[in-house]
Amino acid sequence: MLDLKAVVADYEGVERKLARRGVAAVDALAPVKPLAARRRELNLLLEKQKKEQGEANGRIRELMKTDKAAGEKARAGLRALGDAVKGSEAELGEVEARIQALLLLVPNPPQESVPAGADEHGNLQVSAWGEKPALGFAPKPHWELGEALGILEWPQAAKLSGSRFTISKGVGARLERALTAFFIDVHVSRGYTEILPPYLVSGETMTGTGQLPKFEEDLFKTDGASPLYLIPTAEVPVTNMHRDEIFEAGALPISYCAFSPCFRAEAGAAGRDTRGLMRQHQFHKVELVKFASAESSGAEHDRMLDDACEVLRRLGLHHRVVLLCTGDMGFSSSKTYDIEVWCPGQDAYREISSVSNCEDFQARRIKVRYRGADGKPRLCHTLNGSGVAVGRAVVAILEQYQQADGTVLVPEALRPYLGGLERIVAQKFPRGVER
RNA sequence: GGAGAGCUGGCCGAGUGGUCGAAGGCGCCUGACUCGAAAUCAGGUGUACGGGCAACUGUACCGUGGGUUCGACUCCCACGCUCUCCGCCA
């Protein structure tokens, strides 16, 4: 959320920064301007009225002690003043609620260093690690490999839940569990604290990180009197964990890693990535979250990117890093790097991690602050990044480590987590005939 | 799910209609004393929004939201959360 004070102080400046996101962002902000002016008027009026009321009440208090009759008489005249205060309060509350509702729909302005662009074609490659493995045969996509190996299963999943769900079996299931443990172990060794958060959260929590109110159609929601939402990423509960808190100076940065399943409605993605593991309603992810000071968030952002890349380096997975352009960034982010891993079976680099600096955009919504050198509370900067998506790591391993005979080598770093397994070979599981 | 108790400042805790941002204590900061520290003494110590170049200053905030009242931490209603006991349960 934008700072109303900043919007009022320099409307044109804020507008110019927002314009890099496109006209829709500017249009979202426009109606705030007249409301802010009205809010200021009401604030001044209300303070004046309250001061009058306070003074009048003081007089009555004294009167009641000395001359009860006169006091009773004075009471009657104050009714109007009390009503006026209530009226002003009501209108101010209404105006503030409208401003709030509008500001919640305005995206975070991009940092200066973010390149301009309308969509993913404007993204900028900033680095790459490793190279495309020389397979020497026509690589298969992971869905063919997974099915042939018997470790990934879609027809049965569709029977249970419909499209965009997968069942992992045998080594396939163990592979996800192994990757999860491996990712967490790497991040913990590099200073992150492990968190296992709730997977269902309130609407308030979803609003704190920016999923609501604008992106409700992307979320799964429970029925009932007090509905809850299924988290689309552990970023949501972990970032909201410190809502309304003030950190003492020196406590920052605070770094968390959290495994969770992620639930996404994938509204609007009809027909895209319908095969395989790429785009599921439910997937697993290890998420990184940091709370940093305003001064250090840029450096922490780079460090988080490196932490996410580290797990891919240890797995020997070829990948590249792109800096997202203004048109491709998420709502809450001021700057985002995507890590794209090479998927030879799809002949494409596919996103496996997204590392964002939200600056104070989320912190303002959830009031997470820290004391600066002067002892005054300041908003934290929040950062989040995948470290990394587990299902997509399975995809990359299957596709990059596939062999001509259809087996898949296990990256060395992962073998201790799989009981020393060096190679995934076809497995058979009991199966009846469908009738 | 049922019954009871409670929710006040960083923490503990007083306050049952008016002078309460709120007693007292703890913690923390500053100063005095000390070679230094402890102890002791004195002073200070919240957040938000607004006004002022600034020193400063106004208003609000006692779980949340309503209501009663000239005036609510204090009375009424609803909700949330915590704790204890009972039931159920992986």
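A quick note: this is a predicted structure, and the numbers were derived from the prediction, not measured. Naming: A, B, ... by sequence-line order, numbering from 1 per chain.
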Trainee: Does a sphere of radius 6.0 Å around CZ in Arg423(A) hold more than 12 heavy atoms from other residues, nucleotides or ligands, not counting ones at 6.0 Å or beyond?
Mentor: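 Yes - once you tally the heavy atoms of other residues, nucleotides and ligands closer than 6.0 Å, there are more than 12.
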Trainee: In whole Å, I'd like the distance from the CZ atom of Arg243(A) to the C1' atom of rG63(B).
Mentor: 14 Å
Trainee: Could you tell me whether the phosphate oxygens of rU19(B), OP1 or OP2, come under 4.0 Å of any side-chain nitrogen or oxygen in Arg61(A)?
Mentor: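 It does not, given that no N or O in the side chain of Arg61(A) lies less than 4.0 Å from OP1 or OP2 of rU19(B).
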Trainee: Please name all residues satisfying side-chain contact (heavy atoms from CB on, under 4.5 Å) with Asp3(A), sequence neighbours left out, ordered by chain then number.
Mentor: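 Asp3(A) satisfies side-chain contact (heavy atoms from CB on, under 4.5 Å) with Lys5(A), Ala6(A), Arg364(A) once adjacent residues are dropped.
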Trainee: How close or far is atom P of rU47(B) from atom CG of Leu379(A), stated in whole angstroms?
Mentor: 13 Å
Trainee: Which residues satisfy the salt bridge (charged side-chain N to carboxylate O under 4.0 Å, His left out) test with Lys169(A), sequence neighbours excluded?
Mentor: none
Trainee: Scan residues 259-280 of chain A for pairs that pass salt bridge (Lys or Arg N to Asp or Glu O under 4.0 Å), counting only residues two or more places apart or in two chains.
Mentor: Glu266(A)-Arg279(A), Asp273(A)-Arg279(A), Asp273(A)-Arg350(A)
Trainee: Closest-nucleotide mapping onto RNA chain B: is Ile246(A) or Glu62(A) further toward the 5' terminus? I mean the 5' end.
Mentor: Glu62(A)
Trainee: When you compare rU57(B) with rG63(B), how far apart are their P atoms, in angstrom units rounded to a whole number?
Mentor: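 One P to the other, the span is 28 Å.
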Trainee: What distance, rounded to whole Å, do you find between the two C1' atoms, one in rU47(B) and one in rG10(B)?
Mentor: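 Approximately 13 Å lies between the C1' atom of rU47(B) and that of rG10(B).
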Trainee: Using atom P in both nucleotides, what's the gap between rG15(B) and rA55(B) to the nearest angstrom?
Mentor: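 Going atom to atom, P in each nucleotide, I get 39 Å.
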Trainee: Rounded to whole angstrom, note down the P distance from rC35(B) over to rC28(B).
Mentor: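 Nearest-Å result for rC35(B) against rC28(B) at atom P: 24 Å.
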Trainee: Determine the interatomic distance between P on rG27(B) and the same-named atom on rC79(B); round to the nearest Å.
Mentor: 42 Å
Trainee: Is Asp185(A) salt-bridged to Arg190(A), cutoff N-O under 4.0 Å?
Mentor: no
Trainee: Using atom CZ of Arg75(A) as one end and atom C1' of rG17(B) as the other, report the distance to the nearest whole Å.
Mentor: 11 Å
Trainee: Scan the side chains in residues 242-262 of chain A for donor-acceptor partners under 3.5 Å anywhere in the protein, sequence neighbours excluded, and list what turns up.
Mentor:
residue, atom, partner, partner atom, Å
His242(A), ND1, Glu245(A), OE1, 2.7
His242(A), NE2, Tyr256(A), OH, 2.7
Arg243(A), NH1, Thr205(A), OG1, 3.2
Arg243(A), NH1, Asn240(A), OD1, 3.1

Trainee: Could you give the distance separating rC73(B) and rC62(B) at their C1' atoms, to the nearest angstrom?
Mentor: 5 Å
Trainee: Anything under 3.5 Å between a protein N or O and an N or O of nucleotides 49-58 of chain B, put it in a table, one pair a line.
Mentor:
residue, atom, partner, partner atom, Å
rC49(B), O3', Arg39(A), NH2, 3.1
rC49(B), O2', Asn43(A), ND2, 3.2
rG50(B), O3', Arg40(A), NH1, 3.4
rG51(B), OP1, Arg40(A), NH1, 2.1
rG51(B), OP1, Arg40(A), NH2, 2.4
rG58(B), N2, Glu47(A), OE2, 2.5

Trainee: Tell me, what's RNA chain B's dot-bracket, Watson-Crick or G-U with both distances under 3.5 Å, | for other-strand, [ ] crossing?
Mentor: ((((((((.[[[..)..(.....]]]((((((.......))))))((((((....)))))).[[[[[..)....]]]]])))))))....
Trainee: side-chain hydrogen bond (donor to acceptor under 3.5 Å, both in side chains) with Lys285(A): which residues, sequence neighbours excluded?
Mentor: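 Expected list: Thr233(A), Glu287(A).
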Trainee: Between Glu47(A) and Arg40(A), does any side-chain N to carboxylate O distance fall below 4.0 Å?
Mentor: no
Trainee: Quick one: ring pair (Phe, Tyr, Trp, His ring centres under 6.0 Å) partners of Tyr192(A), sequence neighbours excluded?
Mentor: His187(A)
Trainee: Collect all protein-nucleotide pairs involving nucleotides 71-80 of chain B in which both atoms are nitrogen or oxygen and the distance is under 3.5 Å.
Mentor:
residue, atom, partner, partner atom, Å
rG71(B), O4', Asn57(A), ND2, 3.4

Trainee: Can you tell me, in whole Å, how much space there is between the C1' of rC12(B) and that of rG6(B)?
Mentor: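 These two C1' atoms come out 15 Å apart once rounded.
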Trainee: Take atom CZ of Arg378(A) and atom C1' of rA48(B), then tell me their distance rounded to the nearest Å.
Mentor: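 Taking atom C1' of rA48(B) as the reference, CZ of Arg378(A) is at 17 Å.
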Trainee: Got a sec, which pairs hit salt bridge (Lys or Arg N to Asp or Glu O under 4.0 Å) with one end in residues 86-108 of chain A, sequence neighbours left out?
Mentor: Arg38(A)-Glu91(A), Arg39(A)-Glu96(A), Lys50(A)-Glu89(A)
Trainee: When you check the phosphate oxygens OP1 and OP2 of rU19(B), does a side-chain N or O of Arg59(A) lie under 4.0 Å from one of them?
Mentor: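 No, outside the criterion.
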Trainee: With sequence neighbours excluded, what pairs up with His301(A) under the ring pair (Phe, Tyr, Trp, His ring centres under 6.0 Å) test?
Mentor: Tyr337(A)
Trainee: Over how many whole Å does the gap from Lys367(A) atom NZ to rG46(B) atom C1' extend?
Mentor: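 After rounding, the gap between these two atoms is 16 Å.
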Trainee: Please state how far atom CZ in Arg371(A) lies from atom C1' in rC29(B), giving the value in whole angstrom units.
Mentor: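 Going from Arg371(A) (CZ) to rC29(B) (C1'), I get 12 Å.
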Trainee: Rounding to the closest angstrom, what is the interatomic distance between rG65(B) and rG9(B) at atom C1'?
Mentor: 22 Å
Trainee: Answer yes when Glu216(A) and Lys221(A) have at least one side-chain N-carboxylate O distance shorter than 4.0 Å, and no when they do not.
Mentor: yes
Trainee: Sequence neighbours left out, what passes ring pair (Phe, Tyr, Trp, His ring centres under 6.0 Å) with Phe331(A)? Give chain and number order.
Mentor: Phe215(A), Phe361(A)
Trainee: What is the distance, to the nearest angstrom, from the CG atom on Asp244(A) to the P atom on rG9(B)?
Mentor: 14 Å
Trainee: Please report the distance, rounded to the nearest Å, between OH in Tyr370(A) and C1' in rU47(B).
Mentor: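 Rounded to the whole Å, the gap is 17 Å.
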